[in-house]
Amino acid sequence: SGSPAGRALARCFAERPEGARALEGLRIPLVDAVCRLRPETVRRLYGKGISLTQARMDQYRRCPFAYFCRYVLRLDPARRIEFGYADVGNLLHAVLERVFSSLSCGKTDWHALPMEQMRERTARILDEYITKVCPASQQRTPRLLHQISQLRRAADLLVGELCEEFSQSEFTPALFELDLASPDPEAPGAPTFLLPDGTPVRLYGRIDRVDTWQNEGRTYLRVIDYKSGDTKFSLDDIARGLHLQLLVYLFALWHPENP
């Protein structure tokens, strides 16, 4: 660091043999040719192709070295066992999938869903899910009970908002939890691109919901991805190669090679 505190800390480290070696390692740029992997090593690590998800693409764009450590070397920091934000998102995803995919897409009047019945269905499915992951026989701490109470309110609010959206939109749900790489005939297939050296890069993922709208003989598509955080769509992020998930999914659905 160029700050006085940083320089003082560097001098302190330099006085110790182990610290001096660490400082020397920091001076080697990560893009230095000496630090690059040999082509044969790359082939052994990645095989004949590379498979990427949106999360992996974002990680690579932010820091290629962090991507290498996490997804190639599989180095993960120690984490506490707890019910965190990711678990909340996974639970709400699972509940929404069961609530809406259990309806017959071809016979359901999505513009007039019975609100009370949908809320009862949501509460029942949520109870089943919670009982499965945390049986009543196990001790439920006050903190966990509070989290469950919050999840009930969040799930009820989400389903209510989605039903309200369906009542006002010309789009109607057509597919749920569509796996791009699934052998299912309805799956579009994972988009594949070639790197300059000919290595195929395959993008895979799961679309939460695909809506359609028929108008004047044409079919319009809308891709929905449920988010439990505060992620916002930003053209600046798209220009930087970040958060391309929805665009990749749309590409997979309409691209001529993915009819």
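Keep in mind that what you see is a predicted model, and the values were worked out from it rather than measured. Note that these values count all heavy atoms, side chains included, but never hydrogens, waters or copies made by symmetry.
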Does the pair W213 and T219 meet the rule for a side-chain contact (heavy atoms from CB on, under 4.5 Å), with working shown? CA-CA 6 Å; W213 173 40; T219 300; over 6 Å; no

Find the distance between CD1 (I207) and CD1 (I224) and round it off to the nearest 0.5 Å. 11.0 Å

Contact summary for A20 and A14, nearest pair of heavy atoms: CB-O, 4.0 Å

Are any non-hydrogen side-chain atoms of L91 and V95 less than 4.5 angstrom apart? yes

For the backbone of R240 and the side chain of R61, can you confirm whether one donor and one acceptor N or O come within less than 3.5 Å of each other? yes

Would V223 end up clustered with L247 when hydrophobic side chains under 4.5 Å apart are linked, directly or stepwise? yes

Closest non-hydrogen atom pair between P200 and L194, with its separation: CA-CD2, 3.7 Å

For T122 against A155, the heavy-atom pair lying closest together: CG2-CB, 3.9 Å

Would you say Y204 ends up clustered with V201 if hydrophobic residues are merged whenever their side chains have heavy atoms under 4.5 Å apart, either directly or through other cluster members? no

Ring centres of F65 and Y60 under 6.0 Å apart? no

Measuring only between side-chain heavy atoms, which start at C-beta, is M118 closer than 4.5 Å to V99? yes

Could you pull out the closest heavy-atom pair between P191 and A252, with the gap in Å? CG-CB, 3.6 Å

Check this for me: F13, atom CZ, are more than 12 non-hydrogen atoms of other residues, nucleotides or ligands nearer than 6.0 Å? no

Using a 4.5 Å cut-off on heavy atoms from C-beta on, say whether the side chain of L203 contacts that of M57. yes

Would you give the length of the straight line joining atom CZ of R153 to atom CG of L158, rounded to the nearest 0.5 angstrom? 13.0 Å

Would you mind reporting whether R98 and Y129 have side-chain heavy atoms less than 4.5 Å apart? no

H243 side chain to S234 backbone, donor-acceptor under 3.5 Å: no

Kindly check if the number of other-residue, nucleotide or ligand heavy atoms within 6.0 Å of CZ (R16) is above 12? no

Determine, using the 4.5 Å side-chain heavy-atom cutoff (strictly less than), whether L244 and L178 are members of one ILVMFWY cluster. yes

Say you draw a straight line from CG of L52 to CD of Q59; how long is it, rounded to the nearest 0.5 Å? 12.0 Å

Donor-acceptor under 3.5 Å (T131 side chain, D127 main chain): yes

Do L145 and L92 sit in one hydrophobic cluster, given that two such residues count as connected whenever their side-chain heavy atoms are within less than 4.5 Å of each other, even indirectly? no

Residue pair C163 / M115: nearest heavy atoms and the distance that separates them: CB-CE, 3.8 Å

Minimum side-chain heavy-atom gap P173-V210 below 4.5 Å: no

Nearest 0.5 Å, please: how far is CZ in F171 from CZ in R209? 10.5 Å

Starting at CG of L73, measure out to CG of L45 and round the result to the nearest 0.5 Å. 7.5 Å

Assess whether a salt bridge exists between R222 and E165, defined as any Lys/Arg side-chain N lying under 4.0 Å from an Asp/Glu carboxylate O. yes

Before accepting this row, confirm whether a basic side-chain N of the pair E40/R38 lies closer than 4.0 Å to the acidic partner's carboxylate O. yes

Rounded to the nearest 0.5 Å, the CG atom of L250 sits from the CD atom of Q245 at a distance of 11.0 Å

Shared ILVMFWY cluster between V42 and F193, side chains joined below 4.5 angstrom? yes

With the side chain counted from C-beta on, respond yes when Y46 and V72 share a heavy-atom pair under 4.5 Å apart, and no when they do not. yes

Has Y67 got more than 12 heavy atoms of other residues, nucleotides or ligands less than 6.0 Å from its OH? yes

Does the side chain of H111 come within less than 4.5 Å of F166's, by heavy atoms? no

Could you tell me whether a side-chain N or O of D208 sits under 3.5 Å from a main-chain N or O of Y226, the two making a donor and an acceptor? yes

Sequence neighbours excluded - side chain to side chain donor-acceptor pair (under 3.5 Å) pairs with any residue from residues 168-181: E164-Q168

Under the criterion side-chain contact (heavy atoms from CB on, under 4.5 Å), I'd like the reasoning laid out for I50 against R202: C-alpha separation, chi angles, the key distance, then a yes or no. CA-CA 6 Å; I50 300 174; R202 186 165 173 260; over 6 Å; no

Indicate yes or no for a side-chain donor-acceptor contact from S101 to the backbone of E97 under 3.5 Å, with no hydrogens or angles considered. yes

L180 and Y249, any side-chain heavy atoms less than 4.5 Å apart: yes

